[in-house]
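Structure first, then comments.
Protein chains get the first letters and strands the later ones, always in sequence-line order, with residue 1 at the start of each.
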Number of protein chains: 2
Amino acid sequence: MKPANVYDVAAAAGVSTATVSRYFRSPEKLSQATLDLVREAVDRLGYLPSGMARGLAERQTGAVGLYSFSGHEPDELIDADRAADSEGPVRPRLYPLFADEVLRGVELECTLRRLPLVVGWQLGREAGISLDEIARRVDGVVVLPSTISEAQLAQLAKTKAVVLVSQPGGGRDGIDSVVVDNEGGMAALAEHLVHVHGVRALWYAGPENGYEHEARRRGLDSALARAGVPLPGPTVVDAGSRAASREIAARLLAAEEPPRAIVCASDQTALGVMEAVRAAGHRIPEDVIVTGFDGIDAGRLTDPGLTTVRQPMERLGRAAMGLLAERLADPGLGPRNPMLPVELLLRGSCGCGDGRPASISVS
Amino acid sequence: MKPANVYDVAAAAGVSTATVSRYFRSPEKLSQATLDLVREAVDRLGYLPSGMARGLAERQTGAVGLYSFSGHEPDELIDADRAADSEGPVRPRLYPLFADEVLRGVELECTLRRLPLVVGWQLGREAGISLDEIARRVDGVVVLPSTISEAQLAQLAKTKAVVLVSQPGGGRDGIDSVVVDNEGGMAALAEHLVHVHGVRALWYAGPENGYEHEARRRGLDSALARAGVPLPGPTVVDAGSRAASREIAARLLAAEEPPRAIVCASDQTALGVMEAVRAAGHRIPEDVIVTGFDGIDAGRLTDPGLTTVRQPMERLGRAAMGLLAERLADPGLGPRNPMLPVELLLRGSCGCGDGRPASISVS
DNA sequence: CTGAAAGCGCTAACAA
DNA sequence: TTGTTAGCGCTTTCAG
């Protein structure tokens, strides 16, 4: 039997559909007697107003969206069933990752603001959910770094509010953004390595595409240049891929002398690199220092702990959703593009942190 | 300027609205020439079909929902900004909790099945988002334990597919459920305490309302009865509240002799109890054994590690969304109510786990 | 392969 | 305070 609609309820209560609508939208405009009448009919029929019809009529969905890459590799996800529930010193699957923590912040903000959240994950290039599937259901969407082209984003921004996370909004109309100080964080890390640990020869591992990684590389290079240390060559490594990890190991074995440090563009890459360094027979940090970027939880659980630059991930999510909510409330706002500070986390993998990890605020 | 709709696109392309609709829904029915015509218009106008209008016309939303309690206390969430980004041996705010891990499983399954997910959290009794706000936007919803009455659930199930997590579906029509073996897990834990550690006097801490806790209590009592150990009295403690933790501490101080063990209905309660036990001047596990239930991550990070019963939380979420997707695909299905096995995790807080934690499968 | 037109269920003027 | 009615934007027969 198909669910009741306004007409059914109106007929059952002996009122008009407008009155039934008012019962939900502006009960204060109805008399007590009418209220009771409608309530009875609603309860009896188990009536739940359709969000689709309501959205159509109101010309807005009343919901917000989050679109993200999954952070995991497809095959890893498919196998997740097996991996998820085992336990050990090293987790079989990394969690929570950057995207998970940002999501938590977004959810939190949505809960506080009473906004239903529609989430969708991109998985690899083709799998998962498309941004359009999310966007068509919401008034505005927070977009995490994903393989969405600038053009698509600009197109979308014409009809929906868009807030970019970890990608510069570029002052484009209708596109807000929130980023962290990637450049400053990486520069601070580089200075630490050079001045405290005397590092003068290092490798850089990480994908070189994308705004975040470019900013990090820039921070690294400028700090090294200032310190008079030769810049590392480009090392392209796909974060998380086992092949990349093997490649690093092979390069280490092939090298006449291993670098004093390997600076990675992300913690996930760094965890793979740590494995590779050990596979090549070197000790961390005595032979090779390894550093990451992000501050995911897994970096605390390795031995030694991973020295890294921590992004305020949950805050990033909250800020992004906050910007979105504000824009929805006032579309006239100019573009906002805040930058959040990061924090240098010194743990064992750089040779610091005998005892508790130290943390240093940057920017 | 308001966003383009089908009519705009149809006019721009010189075709009918039906053709524009077919462009998206069944492109194989259109000639190449028409396809090109429409594509051009769509791109030029930045057209994104409205999910609301589509849902209305199709009589289904094409999305699924997840409704959950937040797992955190409201004040904790409000202050989250400050707490979220600090670091230390014990995290200022517990994460990920049960609900977070289940959510992850649900998201994962949605990603694989390409289903947009609408999430909403209840916060305390009144704050946060209401179940109706989620339900009206989706075809079916997964509901985590929350303060939703049986009556409301039954009402909702009349119009939407509902899958309960950690609550028995009770064979009701249209209500599926997935639970874990709470009773068996707690019984296994109790037997371990009695037979391995010789526990004969213990307290039970945890809220006594709700299906999960009732099942756990039942498992505890029956195992103790079988072993001829006197049953603990009821101890009602609101999980996570500081007042409850203080109360435990006070009771310990008032007691002539502390119990050999305090068995808790959840890890969150157990973490509070561990604090309380120490505050009362006792050592864990030498003086007092403390155990939890859930297997959240935070239980690994305490010193000593928390002995607990691990639920396969991610799998719970995946299973729930799987059931929902299947029912949506075939509404004729009878009620499904699977029970997932749990695992006993022996760590330091019961006196086991010199070295690596042991884990024992239950059921 | 394409078009015309009738809804889908709700809201919001506008009247009464 | 309540009712009438015209859309909201899309899909889907039914014709052609």
Exercise answer: donor-acceptor pairs, residues 51-59 of chain A side-chain atoms, under 3.5 Å, sequence neighbours excluded:
{"from": "A/E58", "atom 1": "OE2", "to": "A/R25", "atom 2": "NH2", "distance (Å)": "2.4"}
{"from": "A/R59", "atom 1": "NH2", "to": "A/A57", "atom 2": "O", "distance (Å)": "3.3"}

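- Residues forming a ring-ring contact (aromatic ring centres under 6.0 Å, His included) with B/Y47 (at least two apart in sequence, or on another chain): B/F24.
- Here the side chain of B/S146 pairs a donor or acceptor atom with the backbone of B/L144 at under 3.5 angstrom.
- Heavy-atom distances under 4.0 Å link DNA chain D to no residue of residues 153-160 of chain B.
- In this structure, the separation between CG on B/L131 and OG on B/S149 is 10.0 Å, given to the nearest 0.5 Å.
- Running 5' to 3' along DNA chain D, contacts with non-hydrogen atoms of chain B at under 4.0 Å begin and end at D/dG9 to D/dT13.
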For B/V9 and B/N5, run side chain to side chain contact (heavy atoms under 4.5 Å, CB included): C-alpha distance rounded to whole Å, both residues' side-chain angles, the deciding distance at 0.1 Å, then the answer. CA-CA 6 Å; B/V9 176; B/N5 59 27; over 6 Å; no
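- Salt-bridge formation is not detected for the pair B/E133/A/R114: no Lys NZ or Arg NE/NH1/NH2 atom is positioned less than 4.0 Å from an Asp or Glu carboxylate oxygen.
- At distances below 3.5 Å, not a single donor-acceptor pair connects side-chain atoms of B/D176 with backbone N or O atoms of B/V163.
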Run B/R104 and B/E107 through salt bridge (Lys or Arg N to Asp or Glu O under 4.0 Å) and show every step you take. CA-CA 5 Å; B/R104 177 166 56 130; B/E107 281 168 349; over 6 Å; no
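- Within the helix from C/dC1-D/dG16 to C/dA16-D/dT1, the inter-axis angle between the opening and closing five-pair segments is 30°, rounded to 10°.
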Check the pair A/R39, A/D43 against side chain to side chain contact (heavy atoms under 4.5 Å, CB included), reporting the backbone distance first and the verdict last. CA-CA 6 Å; A/R39 175 177 19 263; A/D43 287 350; 3.6 Å; yes
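- Between A/Y95 and B/Y95, the angle of the ring planes lies from 30° to 60°, which puts this pair in the tilted group.
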How does protein reach along nucleotides 9-16 of chain C, written 5' to 3' as B (base within reach of a heavy atom under 4.0 Å), S (only sugar-phosphate), or - (no contact)? BBSBB---
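- Protein atom CD of B/Q32 is 11 Å distant from nucleotide atom P of C/dT2, rounded to whole Å.
- A side-chain contact (heavy atoms from CB on, under 4.5 Å) with B/M339 holds for exactly one of B/V178, B/V180, B/V179; it is B/V179.
- A distance of 15.0 Å separates CZ in A/R327 from NZ in A/K160, rounded to the nearest 0.5 Å.
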